[in-house]
Peer 1: 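Structure in structure tokens, see below.
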Amino acid sequence: MHASLRALTDELKRLKASGVKSLAVSEDSLARLRTAVAARTPAAAPPPAGSTRPEAPVTVPEYRAPVRTFAAKPVPPPESPLPAPVPFTLPDGDKAARWAALRDRILGDPVCRAQVRPGKQVVFGVGSLEAKIMFVGEAPGAEEEVQGEPFVGPAGQLLTKMINGMGLKREEVYIGNIMNWRPAMPADERGVQYGNRPPTAPELAYCLPYLKAQIEVVNPGLLVALGATAAQGLLGADAFKALGEIRGQWREFAGRPLMVTYHPSYILRNQSNRSKRLIWEDLLKVMERASLPVSEKQRGFFLDRG
Ligand code: URA
């Protein structure tokens with residue numbers, strides 16, 4: 001167990017050095033970690049032979065798994081490089097037919113499929129083909145690769161609330177990612193991956209044409225990049241150093257206005273009204289540009305800067 005804990009610590013150090021800022025840990029793994037740590041805690045050591053000192057109770061602090069976060073820093077490329085994306089042309093036909101053909105192509109792409117673990121899914125965009133607004137995130141996480149749909153985990157539930165706050169239903173917008181699979185990280189002995197990392201340049205280069213094709217088919221009037229990695233994926237790695245430099249500003253991608261804002265996971269980590277207001281102000285700009293009605297109530301959301 002000692003060796004396993006040391007191996008775990010080494011792996012965590014390696015991940016930290018490669019830019020990973022936090023990991024999601026399953027309850028099951030936590031329980032096993034608690035047991036291992038408790039076994040090593042001095043207070044848990046048996047009293048010396050002959051001692052009458054009662055064994056001190058072991059208290060292991062309650063651990064709350066951090067929410068999924070995204071590091072904007074690039075990580076070293078995977079050992080086996082990906083092939084260059086194979087050019088493709090969208091078929092003729094109406095939107096629904098073109099979208100279905102694109103979905104079949106992406107879900108059946110052998111390169112994409114080779115990146116997902118057994119039982120997990122390649123993830124394609126979801127939403128209305130008549131959407132005026134397309135939200136673009138980073139990459140599927142644990143829940144998304146199981147359900148095969150973007151933004152269905154905690155960050156996705158918050159994104160849905162944000163969309164509802166704009167007076168829209170989730171089904172009325174389009175939601176996609178710059179990546180079609182969950183970037184791989186080391187997994188446990190059962191093949192379960194707990195952490196997330198941003199995509200590498202080859203991964204992004206492979207998937208970006210698929211996002212562009214979705215933009216072409218859906219033809220939204222506006223794009224919203226959620227978080228630094230999505231924004232850098234669309235605008236280029238050198239477009240900015242810190243998201244704060246460009247969030248709330250209009251940029252352009254694929255010939256249409258692009259609003260850059262925070263990723264919903266930022267709000268999950270910073271639950272203050274001040275943080276919520278920042279992202280909300282960006283969404284107000286999106287609503288105005290999309291000619292959506294904005295009520296006085298909506299204008300005032302999160303103004304109580306608690
Ligand atoms: N975060 C993203 O950026 N995309 C998802 O699909 C889920 C979480």
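Each residue takes its place number in the sequence, starting with 1. As the structure is a prediction and not an experimental result, all values here were calculated from the model. Values reported hereafter were calculated over all heavy atoms of this structure, with side chains retained and with hydrogens, waters and symmetry mates removed. Start at 1 and go down the list; that is how both ligands and their atoms are numbered.
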Peer 1: Of all the atoms in ligand 1, which lie at a distance below 4.0 Å from a heavy atom belonging to Asn177?
Peer 2: 2 (C), 3 (O), 4 (N), 5 (C), 6 (O)
Peer 1: For ligand 1, which atoms, with element, lie under 4.0 Å from some heavy atom of Gly137?
Peer 2: 3 (O)
Peer 1: Do the rings of Phe88 and Tyr210 sit parallel, tilted or perpendicular, given the 30° and 60° boundaries?
Peer 2: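 It falls in the tilted class, 30° to 60°.
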Peer 1: Any ion pair linking Arg98 and Glu216 (charged N to carboxylate O, less than 4.0 Å)?
Peer 2: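 Between Arg98 and Glu216 there is a salt bridge, with a charged N closer than 4.0 Å to a carboxylate O.
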Peer 1: According to the interplanar angle, ranging from 0 to 90°, do the rings of Phe302 and Trp280 count as parallel (below 30°), tilted (30 to 60°) or perpendicular (above 60°)?
Peer 2: perpendicular
Peer 1: Counting both backbone and side chain atoms, is some N or O of Phe151 under 3.5 Å from an N or O of ligand 1?
Peer 2: yes
Peer 1: Do Phe135 and His263 have their ring centres less than 6.0 Å from each other?
Peer 2: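 No, too far apart.
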Peer 1: Under 3.5 Å, is there a donor-acceptor pair between the Asp282 and Tyr262 side chains?
Peer 2: no
Peer 1: Hey, are Tyr174 and Trp99 close enough side-chain-wise for a donor-acceptor pair under 3.5 Å?
Peer 2: yes
Peer 1: For ligand 1, which atoms, with element, lie under 4.0 Å from some heavy atom of Pro150?
Peer 2: 6 (O)
Peer 1: Identify which of Ala142, Gly156, Gly153, Ala139 has a heavy atom lying nearest to atom 8 (C) of ligand 1.
Peer 2: Ala139
Peer 1: Relative to the heavy atoms of His263, which atoms of ligand 1 are at a distance of less than 4.0 Å?
Peer 2: 1 (N), 2 (C), 3 (O)
Peer 1: Ignoring angles and geometry beyond distance, decide whether Glu138 reaches within less than 3.5 Å of ligand 1 through its nitrogen or oxygen atoms.
Peer 2: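 The answer is yes, given that Glu138 and ligand 1 share an N or O pair closer than 3.5 Å.
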